[in-house]
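One structure is given below, encoded as structure tokens.
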Amino acid sequence: MTRVAVISLDEAIAEYVFDGATVAFEGFSHLIPFAAAHETIRQRRKNLTLVRMTPDLIYDQMIGMGCAQRLVFSYAGNPGVGLLRRLRDAVENSWPNAVEICEHSHAALANAYVAAASGLPLMIFRGYRGVDLPRFNPEIGKVSCPFSGEELAAVRAINPDVTIIHAQRADRSGNVLVEGIIGMQKEAVLAARHAIVTVEEIVDDLAAHANACVLPHWILDALCVVPGGAHPSYAQGYYRRDNAAYREWDSIAADRHRFQEWMNENVLEQDHTVFASRAIASREGHD
Amino acid sequence: MTRVAVISLDEAIAEYVFDGATVAFEGFSHLIPFAAAHETIRQRRKNLTLVRMTPDLIYDQMIGMGCAQRLVFSYAGNPGVGLLRRLRDAVENSWPNAVEICEHSHAALANAYVAAASGLPLMIFRGYRGVDLPRFNPEIGKVSCPFSGEELAAVRAINPDVTIIHAQRADRSGNVLVEGIIGMQKEAVLAARHAIVTVEEIVDDLAAHANACVLPHWILDALCVVPGGAHPSYAQGYYRRDNAAYREWDSIAADRHRFQEWMNENVLEQDHTVFASRAIASREGHD
Amino acid sequence: MTDYTPVEMMTVAASRVLSSTDVCFAGVGPPSEACNLARVLHAPDITLIYESGTIGARPCVLPLSVGDGELCETALNTVSVAEMFRYWLQGGNISIGFLGAAQIDRFGNINTTVIGDYRKPRVRLPGGGGAPEIAGSCDQVYIIVRQSTRGFVETLDFVTTYGHGKGGSSRQDVGFSTAGPTLLFTDLGIWAPDPETRELTVVSMHAGVSRDQMAATVGWPIRYADHVEETPIPSGKELEMLRDLHARTCAAHQIHK
Amino acid sequence: MTDYTPVEMMTVAASRVLSSTDVCFAGVGPPSEACNLARVLHAPDITLIYESGTIGARPCVLPLSVGDGELCETALNTVSVAEMFRYWLQGGNISIGFLGAAQIDRFGNINTTVIGDYRKPRVRLPGGGGAPEIAGSCDQVYIIVRQSTRGFVETLDFVTTYGHGKGGSSRQDVGFSTAGPTLLFTDLGIWAPDPETRELTVVSMHAGVSRDQMAATVGWPIRYADHVEETPIPSGKELEMLRDLHARTCAAHQIHK
């Protein structure tokens, strides 16, 4: 097994996120890797298959900037605010390009990550009974239990080319600690061929208790120090969710022109170092 | 959901462990619920189906005392010492009674617990290829992946009537913390119809970090305070493994008569309060 | 006290059926609001579960997302999303699933996926999220949603989440062993499935609501129970606690209304 | 230094092939001993994994069981046994599985289940434990076991763990994509599978071992590589570190030899 490389975020994205790749930027409400997504947008990646349980603002931005060819997801909303307007514009009006939809329920997509993390081609679960989605998604199948005869839902494993997550911290060997709401980060990393982790900081001692969610260095490829890299989502123990930014997004994304201006100013003309100050501003706004 | 009852160990065993029940005393090397097993022996339970990944001394004792009709397991050894002589005597010579064997690999039995904890009738895994065990165990089947065509092993879920575990501590609401080597405790508890937990102590504050292995009070039935209840295995943070007792067992169990004398003296003529002093002796012996 | 809004009545009515022994999978928004109101009012030991993995959350303010930091900080324990859906939900450990809806039909089936054709939608809604399996695996399901002809429709554009199917034994026929939707709370009343047909039937109307108002907000001919109750109006305590919860939430999230 | 035992030679020989980049699933006993010797000698960053769920254990003394407290206390992280077998082993994250054996055949298949008939065994052995899936999912498998005619048999009483089956392409035919047993360390030599037939072939003999000794301890006609090496004898450092490890272990476990 190879040792994780501590490199800059732009190097990591350049090395592992290629045009046409299947990429999972994971993080369930917490620790969403916005800085890595913005770097991907700046590097003008195209035709990506974007996998994420909750597309959230991070994929609304990537879709609006034309990075995505396909979206694999299970809930596409701006939590507590409303719909994702750039995603809707792509799906309803093919702007800036048509985006193919591969839609799951949370249970199914979580199981698809579990399947891949477990090295299996599928996972089984009890779900999708009586509902319409399986008619539109060929990644959903059925399996009969050889013991009980019960028919269960099956979902094909999702093996991203690269999974990107944000975490609180790493130690000097590159072992990573994720704590609080841990979502699907471990599964998404283990499911992928390559993994990039951005962290708030590198420390001498992880100070992780025995059963914490720890990712050993030898399952990771690139480690990038990006303080504030999850803003406007949050990093428990570091800064809180910037709810105002989430609400504000609804009006920014409502208009194609305003969206593009905002992306120019806040993404294309910036680099990842801006996230540190955003997170500080968010912390000061809240405490 | 009902609230867990804090009751004495003898009450708990009397209420939930009935003759003929399927019972899992879980704990992987660590936190093995010996006190609960001894109470079950004292209550003269019969015809039990005993489920456990590693039968260890705890089932050697129960089998030797005639509690078991059937054994579901994946590794039957005295770790670091040798074989389990009472188990061998039952399997090879039907003494004190014949014991039916349902044998798995670790991966299979772990998956059988996962299946039950997940509310499924089976779990799938990649295993048992080319080996002899599936010919002798009807709980092992096959499933074809509808996506890849790969044939995978399937194992039937194991739903014990009652799972019994030992844990470090509970809070006053009955929420339980297990830490260190957590084995299959969470899965075995969730797999079972009823769950009994013995703990070292009840505290005001569990002091568990966010992602610890915690069992909420509403999935448990009985909570019993039994300090030292895992001796001669160990409870991390409380006392260490009594390796001398494990080695000594090999000669005790080698002889039917000596075994019975030992069980009379150390189990039948005792009650669970003896475990506290055994654990203290074990701690002093080691530190 | 009669100075309350229909939405406040809806939330209060929903909160009343929850108790300290419930283990409740709470969707964000009105479901979470009703659950937390119950918790501060009369169900202090209710176990609230959010799909982000938090078990036993006790937030002081209402979460904006299912993954707000306060849910984890106040929870007994936080597990992975995979474990939440596999061990806790599918494992049969949750008594009540509390859901919202965009469209609902008379049998409590829910659409939160699309308005129009799935492949060429007029409006792309967020999708199912946790709802399809919450509705399948929880012992029973409560739904909370405001009545409107856009939302209460004769035929769903898309069945995201199965309720009672086409009624009668549909639900068992499809393979469910759980009860499905047992209560629907709206801004105008409370509905429950008919024991035979499983059609949602009005069992209680909020004070001052007329059957004309009901008919004007529902896209099918409404069935009423033989005895339709009048929902008791919110008590002073109920309104005070609900409004306190809102005030704390707005202050914490810096929402200026 | 020539004052060493054949078992010490076996452990030292096995330790030499391990490096800091290996992620090694270690069985208790000789496998764990070789792994920990490598760790203190020349592979300080080797990742040792035990089936109890400990990842990156760095024990000062050898564990008596796979679940000894020191494994967890010194590990980077400890996961459930289910996670260990599902995500870490089956997920393909472990490079080397290091196993012992009760019986082994010429193709590296292993029996640890029964001597005699399965349903009426002469000796009931412990069973497979983690081995069947360790041998299937790790990139490659090392085996460490002392040679004896009881252990090195023409035909296994029971195939607990699949090695190279009946040789040739057996392993791929059964559906494995991993390499299976690539090295066997004994008290007399080192064996590796023939590239074509997959039969275990002697590639190195320990100093002073004769072919007669080999033949007297193996239940089938032994194949030798064209060039059989002589295993370098243990260095002073190797023996010193191995004996220190043993002394610490005996002291910690209060074993008086």
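Just so it is clear: chains get the letters A, B, ... in the order the sequence lines come, proteins before strands, and each one is counted from 1.
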> chain A: which of C:V114, C:T113, C:D68, C:L89 shares the most heavy-atom pairs with it under 4.5 Å?
Replying inline: C:D68

> What part of C:Y118 lies closer than 4.5 angstrom to a heavy atom of chain A: side chain, backbone, both or neither?
Replying inline: side chain

> Checking C:P132 against chain A: side chain, backbone, both or neither under 4.5 Å from a heavy atom?
Replying inline: side chain

> Between C:G29, C:P126, C:G67, which has the largest tally of heavy atom pairs under 4.5 Å with chain A?
Replying inline: C:P126

>> At a heavy-atom distance under 4.5 Å, which candidate from A:K186, A:M184, A:Q185, A:E103 has the highest pair count against chain C?
In response: A:E103

> Checking heavy atoms, do the side chain of A:N111, its backbone, both or neither come under 4.5 Å from chain C?
Replying inline: side chain

> Which one, A:A107, A:G77, A:G180, leads in non-hydrogen pairs under 4.5 Å with chain C?
Replying inline: A:A107

>> If you count heavy-atom pairs within less than 4.5 Å of chain A, which of C:S137, C:S65, C:G136, C:G127 leads?
In response: C:S65

> How many angstroms lie between atom OG1 of C:T161 and atom CG of A:L133, to the nearest 0.5 angstrom?
Replying inline: 10.0 Å

>> Under 4.5 Å from any heavy atom of chain A, what part of C:N109 do you find: side chain, backbone, both or neither?
In response: neither

> Is there a donor-acceptor contact under 3.5 Å linking the side chains of A:W249 and A:N78?
Replying inline: no

> Quick one: of A:R88, A:H30, A:H104, who has the most non-hydrogen atom pairs under 4.5 Å with chain C?
Replying inline: A:R88

>> Looking at chain A, which one of C:S170, C:A82, C:G128 has the largest number of heavy-atom pairs inside 4.5 Å, strictly under?
In response: C:A82

> Of the backbone (N, CA, C, O) and the side chain (C-beta and beyond), which part of C:E51 lies under 4.5 Å from a heavy atom of chain A, both, or neither?
Replying inline: both

> Of the backbone (N, CA, C, O) and the side chain (C-beta and beyond), which part of A:E92 lies under 4.5 Å from a heavy atom of chain C, both, or neither?
Replying inline: both

> Looking at C:G165, C:P121, C:P63, which makes the most heavy-atom pairs under 4.5 Å with chain A?
Replying inline: C:P121

> Does C:D117 pair with C:K120 as a salt bridge, N-O distance under 4.0 Å?
Replying inline: no

> Just by distance, with hydrogens left out, do C:R171 and C:S169 show a side-chain donor and acceptor under 3.5 Å apart?
Replying inline: no

>> Which atoms of C:F85 are under 4.5 Å from chain A, going by heavy atoms: the side chain, the backbone, both sets, or neither?
In response: side chain

> Measuring heavy-atom distances to chain C, does A:L83 have an atom under 4.5 Å in its side chain, in its backbone, in both, or in neither?
Replying inline: side chain

>> Below 4.5 Å, heavy-atom pairs only: which of A:G183, A:S233, A:C213, A:G127 has the largest tally toward chain C?
In response: A:G183

>> Taking the basic N atoms (NZ, or NE/NH1/NH2) and the acidic carboxylate oxygens, is any pair closer than 4.0 Å for A:D250 and A:R85?
In response: yes

> Less than 4.0 Å between a side-chain N and a carboxylate O, is that true for A:R126 and C:E133?
Replying inline: no

> If you measure from NE2 on C:H164 to CZ on C:R198, what distance do you get to the nearest 0.5 Å?
Replying inline: 5.0 Å

>> Does any backbone or side-chain atom of C:R122 lie under 4.5 Å from a heavy atom of chain A? Answer side chain, backbone, both or neither.
In response: backbone

> Taking C:C72, C:A75, C:A135 one by one, which has the highest count of heavy-atom pairs under 4.5 Å against chain A?
Replying inline: C:C72

> Quick one: what part of C:E83 sits under 4.5 Å from any heavy atom of chain A, side chain, backbone, both or neither?
Replying inline: neither

> Is the NZ or CZ atom of A:R129 positioned over C:Y162's six-membered ring, under 6.0 angstrom from the centre and within 45° of the axis?
Replying inline: no

>> Taking side chain as everything from C-beta outward and backbone as N, CA, C, O, which of these in A:L109 sits under 4.5 Å from a heavy atom of chain C? Side chain, backbone, both or neither.
In response: neither

> Do the charged groups of A:R169 and A:E179 touch, with an N to O distance under 4.0 Å?
Replying inline: yes

>> Between C:V79 and chain A, with a heavy-atom cut-off of 4.5 Å, which part of the residue counts as in contact: side chain, backbone, both or neither?
In response: backbone

> Roughly how far apart are C:N36 CG and C:L245 CG, rounded to 0.5 Å?
Replying inline: 6.0 Å

>> Does A:R256 have more than 12 heavy atoms from other residues, nucleotides or ligands lying within 6.0 Å of its CZ?
In response: yes

> chain A heavy atoms under 4.5 Å from C:T160: which part of the residue, side chain, backbone, both or neither?
Replying inline: backbone

> Which of these passes ring-ring contact (aromatic ring centres under 6.0 Å, His included) with A:H106: A:F125, A:Y113, A:F73, A:F28?
Replying inline: A:F28

> Would C:T112 and A:Y75 satisfy side chain to side chain donor-acceptor pair (under 3.5 Å), going step by step from the backbone distance to the final call?
Replying inline: CA-CA 10 Å; C:T112 52; A:Y75 183 89; over 6 Å; no

> When rounded to the nearest 0.5 angstrom, what is the spacing between OG1 in A:T163 and CD1 in A:I219?
Replying inline: 10.5 Å

